[in-house]
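For ligands, and for the atoms within them, numbers begin at 1 and follow the listed sequence. In what follows, every heavy atom counts, from backbone to side chain, and hydrogens, waters and symmetry copies are set aside.
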Amino acid sequence: MVTLVKSICPYCGVGCGLILEVEGNKIIRVRGNPEHPVNKGKLCGKGASAHIPIYSPDRLLYPLKRDGDKFVRITWDEALDEIASKIMDIINNYGPDSIAIYGGCQNTLEETYIMGKLARFLGTNNVDSCARVCHEPSAMALKEMMGIGGSGVSVEEIPRAKVIVIAGESLTESHPVLVDYLLEAKRRGAKIVVIDPRKTPTARLADLHLQVRQGTDIYLFNAIANYLISNGLYDRDFVKARTVGFEDYAKVVSEYGLDDVEKITGVPRELMIEFARLISQKPVIFSWGLGLSEGGGVNAVRAYLNLALLTGNVGIDGAGPLVYRGQSNVQGSGDFLKPNAFPGGLPMNEESALKLRDVWGFTPPTKPGKTVTDALLKDDSIRAMIFFNFNPAHSMPNKAKVIERLKKLDLLVVVDAFMTDTAKLAHYVLPTAMWAEEEGSVVSLDRMVKWRFRAVNPPGEAKTTLEILSDLASRFNLLVPKDPKIIFEEMVRVAPWYSRLRLEDVMDHSKNSRYPAGELVLYKDRFLTSDGLGHFKIVHYKPRGPVDGKFVLITGRVVTHFNTDTLTGRDEKLPKLNDVVYVNPADMARLGIKDGAKVIIESDCGMAEAIAKASNDVAPGSLFIINSTNIVNYVVCDQLDEESRIPLYKSTYVTIKPTQ
Ligand SMILES: Nc1nc2c(c(=O)[nH]1)N[C@H]1C(S)=C(S)[C@@H](COP(=O)(O)OP(=O)(O)OC[C@H]3O[C@@H](n4cnc5c(=O)[nH]c(N)nc54)[C@H](O)[C@@H]3O)O[C@H]1N2
Ligand SMILES: Nc1nc2c(c(=O)[nH]1)N[C@H]1C(S)=C(S)[C@@H](COP(=O)(O)OP(=O)(O)OC[C@H]3O[C@@H](n4cnc5c(=O)[nH]c(N)nc54)[C@H](O)[C@@H]3O)O[C@H]1N2
Ligand code: SF4
Ligand SMILES: [Mo]
């Protein structure tokens, strides 16, 4: 007999609703849920085969402990007793800030919440998630300028927009189901603008492609603001009634002349003016991806959001800021697991600590902890780290340095379903259930909170991540229920942004259950900042220093591989990932590199061998490597955005030469 179980896709942040067809203890087919408000039954290829990696023969089945160069099987009790006692020893010797808990963004909201609670119970704010490395700049800029660190408009509004601007994002590759929304908008006459240094498949769908030089968006956005202001094309009434900071902003952008735009950004003046005129209309959606956050950090996002405020394109139907976040629960992980904030929008201060004490029964520390990027790349004070479904040895920049850092830890515990690069370095590897083998909620890129129901049991002795957390916490005398529904109810009591959610709506896959209160469009009457206003932020463009004829290496997505390829790499129907570097044919000719030749890419921190492929999609002077390859982060260095601590994965200066 086939039973049907509702779930949410384990890959990207679109959060498509799935119906799993289950026979016995096996998922035999995955289809789209026609009732789900976002995907309405549609799925991309990854979603439709999301069950395949679950049945991979190399799933981790038992707890493992390092013994020299190999791992030996141990029992759960042995593993958790030893881990707990080592953590206590380290805390006793070096203090609670010598330990850290870092979560991936596939964990459910309830698991993520408990990771934060456990760390605080142990006395530290050293918590973070992989949300740090994709859209922390976006969450930061959105929160300070508008109020909530998430999208201000939902994807369902895309077809209502007159103009959709897509900066630094390739929907066809990264969020494929949303392409249908774009096409529908186009059919209704909307114009699509793509801002990307590469000719991506999404750029080909656009009416206007601004092929900006990598890392120069801030100049472009400031110059456009100048043009809009000088030509009276901005929304004076909105700016006056609903924002602060305009005068200072106008003064700064007045220094960004149109004449320099082409020289600095590579975007022809006429295209820039066309773009300015398009966004002076309403309604406009300002959407973006990693090209801004990893390409230019928090200031690139601020410069972009200033344009939404300037044109009054916030708080009206079919308009607003939309950030295409990455993983199925990255919005939730970013909302809940930060070293400098308490869960769900609760600021980190004494007052919140007392509020938390009322629910938690203990007072959390208020000294901010270390981001995962600082802890791995810039500082070695942390001696023990636990990673839950997070593979930093593959996904962090300067891979060689990260591997050395992880090897030096007194205690490294990795909880995952597979023996990842990070797990290989661990002292303990704990096998966990995958998405369909456990239940709990996840938050989509437009703030929709939905429940995944458990469809099948995990293999071997693998436990759910919540069970692992609960069993570990009990060794420190912190009681954590293993039922995520109970955790959900506790969570909504402490997390202000989530406080109006009801579990029954989250479990009903046909309902709009967006936080804070189901809005498709936020900020209709007021912004959710403390003064209720939108805040312009002053941003200066800082050119990168001389690069002596080097290439800028851009990294990014293709539709068939997901992040560290841990799951997609186990689906034999998908093409194998090759270590290819895409190069503009003119550069290849100039350097005497033949199509298909082996080349060495070298940066300040490392080198890698790759196969060169000619591609006109890459502008002269830049190179492109897929983010999922194993080679990429040997070359990408650990330059972090000053404020948000995100690695600038999109702008590594490198040389390329044929192998001898
Ligand atoms: N198939 C697939 N889907 C995925 C993922 C995956 O690995 N594979 N990963 C998921 C995750 S975690 C995330 S965060 C999202 C990311 O989704 P996207 O945001 O689409 O990610 P990228 O392809 O890395 O980068 C987007 C674009 O930024 C451009 N870019 C680089 N530098 C600049 C710049 O300076 N300015 C501008 N304007 N653009 C620039 C690149 O050329 C690239 O086309 O995708 C999610 N979905
Ligand atoms: N050079 C370069 N590096 C990058 C990027 C880039 O653009 N360029 N992008 C960065 C970005 S945006 C991100 S988010 C990080 C991602 O970096 P990671 O978060 O480290 O990568 P994932 O592959 O998403 O890791 C998810 C882990 O969860 C485990 N897992 C267990 N159960 C499940 C499940 O049910 N579903 C899924 N999906 N996983 C499960 C998987 O086995 C895997 O080990 O990489 C970053 N690294
Ligand atoms: S678009 Fe994203 S969420 Fe939807 S099926 Fe594809 S990978 Fe899954
Ligand atoms: Mo991401």
Engineer: Short list, please: which atoms of ligand 2 are under 4.0 Å from a heavy atom of M434?
Structural biologist: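 Those of ligand 2 that fall under 4.0 Å from M434 are 32 (N), 35 (O).
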Engineer: Does any N/O atom on R557 come nearer than 3.5 Å to any N/O atom on ligand 2?
Structural biologist: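 N/O-N/O distance below 3.5 Å exists for this pair.
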Engineer: Which ligand 1 atoms are under 4.0 Å away from a heavy-atom of L290?
Structural biologist: 14 (S), 16 (C), 19 (O), 21 (O), 24 (O), 25 (O)
Engineer: Do the charged groups of E404 and K407 touch, with an N to O distance under 4.0 Å?
Structural biologist: yes
Engineer: Under a 4.0 Å heavy-atom limit, does V559 contact ligand 1 with its side chain, its backbone, both, or neither?
Structural biologist: backbone
Engineer: Please confirm whether K46 comes under 4.0 Å of ligand 1, counting heavy atoms of the residue only.
Structural biologist: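 It does; at least one heavy atom falls under 4.0 Å.
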Engineer: Counting heavy atoms only, which part of T422 comes closer than 4.0 Å to ligand 2: side chain, backbone, both or neither?
Structural biologist: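 T422 to ligand 2: no contact under 4.0 Å from either part.
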Engineer: Can you sort out which atoms of ligand 1 are near T200, meaning under 4.0 Å from one of its heavy atoms?
Structural biologist: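 Result: 44 (O).
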Engineer: Starting from atom 16 (C) of ligand 2, which protein heavy atom do you reach first, and at what distance in Å?
Structural biologist: N563 ND2, 3.5 Å
Engineer: Hey, which atoms in ligand 1 end up nearer than 4.0 Å to a heavy atom of I554?
Structural biologist: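 With I554 as reference, the close atoms of ligand 1 come out as 31 (C), 41 (C), 42 (O).
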Engineer: Give the residue and atom name of whichever protein heavy atom lies nearest to atom 32 (N) of ligand 1, and the separation in Å to one decimal.
Structural biologist: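 For this ligand atom, the closest protein heavy atom is Q214 NE2, 3.4 Å.
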Engineer: Tell me, which protein residue and heavy-atom name are nearest atom 38 (N) of ligand 1, and how many Å apart are they?
Structural biologist: D217 OD2, 2.8 Å
Engineer: Checking a contact table here: which protein heavy atom is nearest atom 36 (N) of ligand 2, and how many Å away?
Structural biologist: L567 CD1, 3.6 Å
Engineer: L445 and side chain to side chain contact (heavy atoms under 4.5 Å, CB included): which partner among V155, V38, V323?
Structural biologist: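 Exactly one pass, corresponding to V155.
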Engineer: Using a strict 4.0 Å cut-off to heavy atoms of E173, name the atoms of ligand 1 that fall inside it.
Structural biologist: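 In order of numbering, the contacting atoms are 1 (N), 2 (C), 3 (N).
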Engineer: Suppose we measure from atom 15 (C) of ligand 1 to each protein heavy atom; which comes out shortest, and what is that distance?
Structural biologist: G326 CA, 3.7 Å
Engineer: How close do R452 and S7 get, heavy atom to heavy atom, and via which atoms?
Structural biologist: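 So the two residues come closest at CG-OG, 3.4 Å.
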Engineer: Considering heavy atoms of the protein only, find what lies nearest to atom 29 (C) of ligand 1 and give residue, atom and distance to 0.1 Å.
Structural biologist: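 Result for atom 29 (C) of ligand 1: D196 OD2, 3.3 Å.
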Engineer: Counting each atom of ligand 2 from 1 as listed, which ones have a heavy atom of V632 under 4.0 Å away?
Structural biologist: 1 (N)
Engineer: Quick one: which ligand 2 atoms are inside 4.0 Å of a heavy atom on C134?
Structural biologist: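 Reading through ligand 2 atom by atom, the close ones are 12 (S), 14 (S).
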Engineer: Within ligand 2, which atoms have a heavy atom of N627 less than 4.0 Å away?
Structural biologist: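 Listed by number with element, the hits are 6 (C), 7 (O), 8 (N).
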Engineer: Looking only at N/O atoms, are Y11 and ligand 2 under 3.5 Å apart anywhere?
Structural biologist: no
Engineer: Please report which non-hydrogen protein atom sits nearest to atom 2 (C) of ligand 2, along with the residue it belongs to and the distance in Å to one decimal place.
Structural biologist: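 For atom 2 (C) of ligand 2, the nearest protein heavy atom is Y649 CD2, 3.3 Å.
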Engineer: Is the cationic atom of R544 (NZ for Lys, CZ for Arg) positioned less than 6.0 Å from the six-membered ring centroid of Y653 and within 45 degrees of its normal?
Structural biologist: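 Judged by the rule (NZ or CZ under 6.0 Å from the ring centre, within 45° of its axis), R544 is not positioned above Y653.
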Engineer: What residue and heavy atom of the protein are closest to atom 47 (N) of ligand 1, and at what distance?
Structural biologist: S174 O, 2.9 Å
Engineer: Return the residue, atom name and 0.1 Å-rounded distance of the protein heavy atom closest to atom 25 (O) of ligand 2.
Structural biologist: T564 OG1, 4.0 Å
Engineer: Can you name the atoms of ligand 1, numbered from 1 with element, that are less than 4.0 Å from a heavy atom of T555?
Structural biologist: 24 (O)
Engineer: Which of the numbered atoms in ligand 2 are under 4.0 angstrom from any heavy atom belonging to W435?
Structural biologist: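 So the answer, numbered in order with elements, is 34 (C), 35 (O).
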Engineer: Identify whether the distance between the nearest side-chain nitrogen and carboxylate oxygen of K550 and D604 falls below 4.0 Å.
Structural biologist: yes
Engineer: Count the heavy atoms of every other residue, nucleotide or ligand shown that sit under 6.0 Å from NZ of K42, and state whether that count exceeds 12.
Structural biologist: no
Engineer: When rounded to the nearest 0.5 angstrom, what is the spacing between CG in L220 and OH in Y304?
Structural biologist: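 Between L220 CG and Y304 OH, I get 10.5 Å after rounding to 0.5 Å.
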Engineer: Hey, can you tell me if F387 and Y102 have their rings parallel, tilted or perpendicular (30° and 60° cut-offs)?
Structural biologist: tilted
Engineer: Is it true that P197 lies under 4.0 Å from ligand 1, counting heavy atoms only?
Structural biologist: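 Within the 4.0 Å threshold, so yes.
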Engineer: Relative to atom 19 (O) of ligand 2, which among R452, Q327, K650, M419 owns the nearest non-hydrogen atom?
Structural biologist: Q327
Engineer: Is Y324 in polar range of ligand 1, meaning some N or O pair under 3.5 Å apart?
Structural biologist: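 Y324 vs ligand 1: no N/O contact under 3.5 Å.
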Engineer: Counting each atom of ligand 1 from 1 as listed, which ones have a heavy atom of G289 under 4.0 Å away?
Structural biologist: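 In order of numbering, the contacting atoms are 19 (O).
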Engineer: Would you call D446-R325 a salt bridge at under 4.0 Å N-O?
Structural biologist: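 So D446 does not pair with R325 through a salt bridge.
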Engineer: Pick from D128, D374, D638: which one makes a salt bridge (Lys or Arg N to Asp or Glu O under 4.0 Å) with R645?
Structural biologist: D374
Engineer: Quick one: nearest non-hydrogen protein atom to atom 18 (P) of ligand 2, plus distance?
Structural biologist: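 I find the closest protein heavy atom is S395 OG, 3.6 Å.
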Engineer: State the atoms of ligand 1, each with its element, that fall below the 4.0 Å cut-off from a heavy-atom position in G215.
Structural biologist: 34 (C), 35 (O)
Engineer: For ligand 1, does C12 get within less than 4.0 Å through its side chain, its backbone, both, or neither, judged by non-hydrogen atoms?
Structural biologist: side chain
Engineer: What protein heavy atom lies closest to atom 26 (C) of ligand 1? Include the residue and the distance to one decimal.
Structural biologist: G168 O, 3.3 Å
Engineer: Does any N or O atom in S628 lie less than 3.5 angstrom from one in ligand 1, N or O only?
Structural biologist: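 Such a contact does not occur with ligand 1.
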Engineer: Give the atoms of ligand 1, by number and element, whose distance to some non-hydrogen atom of H561 is under 4.0 Å.
Structural biologist: 1 (N), 2 (C), 6 (C), 7 (O), 8 (N)
Engineer: Report the nearest protein non-hydrogen atom to atom 10 (C) of ligand 2: residue, atom name, distance rounded to 0.1 Å.
Structural biologist: E294 OE2, 3.6 Å
Engineer: Suppose we measure from atom 13 (C) of ligand 2 to each protein heavy atom; which comes out shortest, and what is that distance?
Structural biologist: V133 CG2, 3.7 Å
Engineer: Please state which protein non-hydrogen atom is closest to atom 39 (N) of ligand 2 and give its distance, to 0.1 Å?
Structural biologist: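 Scanning the protein heavy atoms, the shortest distance from atom 39 (N) of ligand 2 goes to Q106 CG, 3.4 Å.
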Engineer: With heavy-atom distances below 4.0 Å as the criterion, list the atoms of ligand 2 near T420.
Structural biologist: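 Those of ligand 2 that fall under 4.0 Å from T420 are 44 (O).
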Engineer: May I ask you to check if K26 and Y55 form a cation-pi contact, with NZ or CZ under 6.0 angstrom from the six-membered ring centre and within 45° of the axis?
Structural biologist: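 Yes - K26 lies over the ring of Y55, closer than 6.0 Å to its centre and within 45° of its axis.
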Engineer: Can you name the nearest heavy-atom pair linking C605 to V636, along with the distance?
Structural biologist: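 Between these two residues, the closest heavy atoms are SG-O, 3.7 Å.
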Engineer: Applying a 4.0 Å heavy-atom criterion (strictly less than), which segment of V558 is in contact with ligand 1: side chain, backbone, both, or neither?
Structural biologist: backbone
Engineer: Count the heavy atoms of every other residue, nucleotide or ligand shown that sit under 6.0 Å from NZ of K46, and state whether that count exceeds 12.
Structural biologist: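 Check passes, neighbour count above 12.
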Engineer: Could you list the atoms of ligand 2 found under 4.0 angstrom from a heavy atom of F418?
Structural biologist: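 This gives 42 (O) as the contact atoms.
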Engineer: Evaluate whether atom NZ of K613 has more than 12 neighbouring non-hydrogen atoms of other residues, nucleotides or ligands under 6.0 angstrom away.
Structural biologist: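 Counting other residues, nucleotides and ligands, NZ of K613 stays at 12 neighbours or fewer.
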Engineer: What do you reckon, does R325 have a nitrogen or oxygen under 3.5 Å from a nitrogen or oxygen of ligand 1?
Structural biologist: no
